Amino acid sequence: MKQKPDNSRRAELRRQAEAKLIERKKRTGPLPATESDARRLVHELQVHQIELEMQNEELMESRAQVEAGLRQYTDLYDFAPVGYFTLARDGAIQQVNLSGANLLGVERSKLINRRFGVFVSPKSRLAFTAFLEKVLSGGAEKGTCEVELLKDKTEPFWAHIEGVGDASRGQGEMCRAVVSNITDRKRMEEALRKARDELEVRVKERTLDLVKANEELQIEIASREHAQAARRETEAMFRTLAETTSAAIFITHGFQILYANPAATTITGYASDELRDMPIWAIAHPTYQELLRQYGVANQWLDNLPSRYELKLVTKDGEERWLDITAGSIQFEGQSASIITAFDITERDRVERALQKAKQNLEVRVAERTAELQRANVELQARNEALDAFAHTVAHDLTNPVHLIVAGAETLAEYYTTMTGDQWQQSLEAMARSGRKLATIIRELLLLAELHKAEVETMRLDMASIVAESVNRLAKSIKDSRAEIVLLDAPAWPVALGHGPWVEEVWANYLSNALKYGGLTAAPRIELGGELQADGMVRFWVHDDGPGLTPEAQSRLFMPFTQLNQVRSSGHGLGLSIVQRIIEKLDGQVGVKSQMGEGSTFYFTLPSAR
């Protein structure tokens, strides 16, 4: 509804009309003399006519301004990065922008009055119906849902819908909805879920394998212990049955063999007569002969002897065999003697050594596999935490400017007929700022994605042109903050190797931060410079005169998704993390030097082109 002019406005219009009437009378001459009432009536009519003409000129000017604003609103509405839909209570599409029509793959004119639900896949219709009922149930409560839509009724994709109810202007209940394509995010979530499931399955399988291997090892150990116990029992039972036992039995006095049973001849390859003519240590391997001599001397002096030991012997044929020796003292033929019972344990020793080696290998493999699983678990947890922080940061930073643009557009749509020119300008500037912020976030997200996949060839950098382009990109921010940019080393910048578009993003991030945090007491003064270092690297830097950073803040500065909540801070938590990834991918390093009250110097290094 048009606003009526106040009394002062009416008085001003009348004054201007009377002035124009006087000018007309000078050109056309005075009216013929008539009665006073008639002359006043003619005067009033002429003044009123001029007032109407002036009001008509103002209306035409206002109309032109409104039409220009409407064209700008139409551009913002139609070419927004998300789809805007206005839905009736039954889900019929009342209004839709070009982005929304592109999402559904149907011409915008053909979407009007069609039900949005026909594009919702059957498995998502219940969620969409609940969403529509919620936002149209009254009040200003916002509703959201995630549904699968069918582009052109055939090609499925996932969408995030966010909307509020609108019952204004007597048009009945309506739903204003924002629809964005989240298919890529859904695929990432599904891939992450599958990776988690696969890891859990692999962990369970490996755990079962380890449990089974442990059980088999326990059974094998128990079996071996049982065999050893049975063998000892057999030895005790048949020790006196030397002639029938398979164990080699030697009876010695000093070093001389007094008796050797048939098993001893079989094991050594010597006949009984041959054994009785040779000392006991003669059948031992040369490395064990001294040991047998010591045992013989000890026996002569009645010292304690080891009851059991293992010994390597050499048979008559030169074959090496291992014996399990058991020694003791007996009386033989009326004199003190030593009895040696020997079992051939060559095969058992070979098996035990192989078993011990297999056990050690198994323990090593278990330890290695456990370490791998632990590393994979830590890495997966870190990636999950980083992904959660990344999703939270991006969602938060994208939501604010989108809400500002939507709110500004709705305000213009609702009140454009009553808004003044200044109000129009303020609203459009706020929407433009939000749009620029969205563009910056999207550019950095695209750059972050490019860093994960792209491999670039480094080349000599024209750093003067790159710095100039970065400063030009931030010209408006520099002008608004009245900042002074000082190029200390221009035009003689050291020549470094790198990738121009990426290095430009590094300068732009550093300059943007300096503009935000610089200027502790006045307009920011920002110094840029570069120098060749002794290690063959070129160090470039940006110094601001801001409040400076604490050591704790400096330690967190280049961590992903970190934002320092300081004066005039409006960063979105991605810039410095991207800077670090860019420079490290170009074989350089990033860093900061700062003291409280003395400003901060952000720097990065690149390989020299010399």
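Because the structure is predicted, anything quoted here is derived from the model rather than measured.
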Participant: Are side-chain heavy atoms of Leu461 and Val503 found at a separation under 4.5 Å?
Facilitator: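 In contact.
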Participant: Between Glu527 and Arg525 (salt bridge meaning N to carboxylate O under 4.0 Å), is one present in this structure?
Facilitator: yes
Participant: Can you name the one residue among Val538, Asp535, Leu586, Asp587 that meets side chain to side chain contact (heavy atoms under 4.5 Å, CB included) with Pro607?
Facilitator: Asp587
Participant: Within a 6.0 Å radius of atom NZ on Lys593, are there more than 12 heavy atoms belonging to other residues, nucleotides or ligands?
Facilitator: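 No, because the 6.0 Å sphere around NZ of Lys593 holds 12 heavy atoms or fewer from other groups.
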Participant: What orientation do Trp507 and Phe540 show, parallel under 30°, tilted 30 to 60°, or perpendicular over 60°?
Facilitator: perpendicular
Participant: Apply side-chain contact (heavy atoms from CB on, under 4.5 Å) to Ile182 and Ser180, showing your working.
Facilitator: CA-CA 6 Å; Ile182 61 170; Ser180 56; 4.2 Å; yes
Participant: Please report the C-alpha distance between His499 and Glu505 in whole Å, then the side-chain angles of each, then the deciding distance to 0.1 Å, and finally whether the side-chain contact (heavy atoms from CB on, under 4.5 Å) criterion is met.
Facilitator: CA-CA 10 Å; His499 183 55; Glu505 290 296 329; over 6 Å; no
Participant: Taking everything shown except Gln595 itself, do over 12 heavy atoms lie less than 6.0 Å from its CD?
Facilitator: no
Participant: So which atom in Trp541 and which in Gly530 form the shortest heavy-atom distance, rounded to 0.1 Å?
Facilitator: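 Smallest interatomic distance, heavy atoms only, reads NE1-N, 3.9 Å.
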Participant: Report the relative orientation of the aromatic rings in Phe131 and Phe128; use parallel for angles under 30°, tilted for 30 to 60°, perpendicular for over 60°.
Facilitator: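 It falls in the tilted class, 30° to 60°.
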Participant: Is it true that Glu190 and Arg193 make a salt bridge, defined as a side-chain N closer than 4.0 Å to a carboxylate O?
Facilitator: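 Yes, Glu190 and Arg193 are salt-bridged.
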Participant: Can you measure from CE (Met537) to CZ (Phe604) and round to the nearest 0.5 angstrom?
Facilitator: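 These two atoms lie 10.5 Å from each other.
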Participant: Can Tyr84 and Val96 be said to form a side-chain contact (heavy atoms from CB on, under 4.5 Å), step by step?
Facilitator: CA-CA 6 Å; Tyr84 295 133; Val96 59; over 6 Å; no
Participant: May I ask you to check whether Thr183 and Asn181 show a side-chain donor-acceptor distance below 3.5 Å?
Facilitator: yes
Participant: Taking it one step at a time, do Asn513 and Leu515 satisfy side-chain contact (heavy atoms from CB on, under 4.5 Å)?
Facilitator: CA-CA 5 Å; Asn513 281 338; Leu515 290 171; over 6 Å; no
Participant: Can you name the closest pair of heavy atoms from Ser481 and Pro524 and give their distance?
Facilitator: O-CD, 3.4 Å
Participant: On a heavy-atom basis, which atom in Ile526 and which in Ala514 lie closest, and how many Å separate them?
Facilitator: CD1-CB, 3.6 Å
Participant: With a cut-off of 6.0 Å (strictly less than), are more than 12 heavy atoms of other residues, nucleotides or ligands near CD of Gln589?
Facilitator: no
Participant: Would you name the heavy atoms of Ala496 and Leu606 that are closest together and state the gap between them?
Facilitator: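 Minimum heavy-atom separation between Ala496 and Leu606: CB-CB, 3.9 Å.
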Participant: Is it the case that more than 12 heavy atoms not belonging to Glu107 sit under 6.0 Å from its CD atom?
Facilitator: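 No, CD of Glu107 has 12 or fewer neighbouring heavy atoms, counting only those of other groups under 6.0 Å.
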Participant: Distance-only, no hydrogens or angles: does the Ser137 side chain make a donor-acceptor pair with backbone N or O of Lys134 under 3.5 Å?
Facilitator: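 Yes; at least one donor-acceptor contact below 3.5 Å.
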Participant: I need the single residue from Leu576, Val590, Leu511 that forms a side chain to side chain contact (heavy atoms under 4.5 Å, CB included) with Phe602. Which is it?
Facilitator: Leu576
Participant: Locate the shortest heavy-atom distance separating Asp462 from Ser465; write the atom from each residue and the value.
Facilitator: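 What the structure gives for the nearest pair is OD2-OG, 2.7 Å.
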Participant: Using every non-hydrogen atom in the two residues, find where Ala88 and Leu132 come nearest and quote the distance to one decimal.
Facilitator: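 Of all heavy-atom pairs spanning Ala88 and Leu132, the closest is O-CD2, 4.4 Å.
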Participant: Could you tell me whether the side chain of Leu149 reaches within less than 4.5 Å of the side chain of Pro156, counting heavy atoms only?
Facilitator: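 Side-chain contact under 4.5 Å: no.
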Participant: Going by distance alone, is a donor N or O of one side chain under 3.5 Å from an acceptor N or O of the other, for Glu148 and Ser121?
Facilitator: yes
Participant: So among Leu87, Val135, Thr144, Val179, which one has a side chain to side chain contact (heavy atoms under 4.5 Å, CB included) with Ile161?
Facilitator: Val179
Participant: Do the charged groups of Glu146 and Arg185 touch, with an N to O distance under 4.0 Å?
Facilitator: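 Between Arg185 and Glu146 there is a salt bridge, with a charged N closer than 4.0 Å to a carboxylate O.
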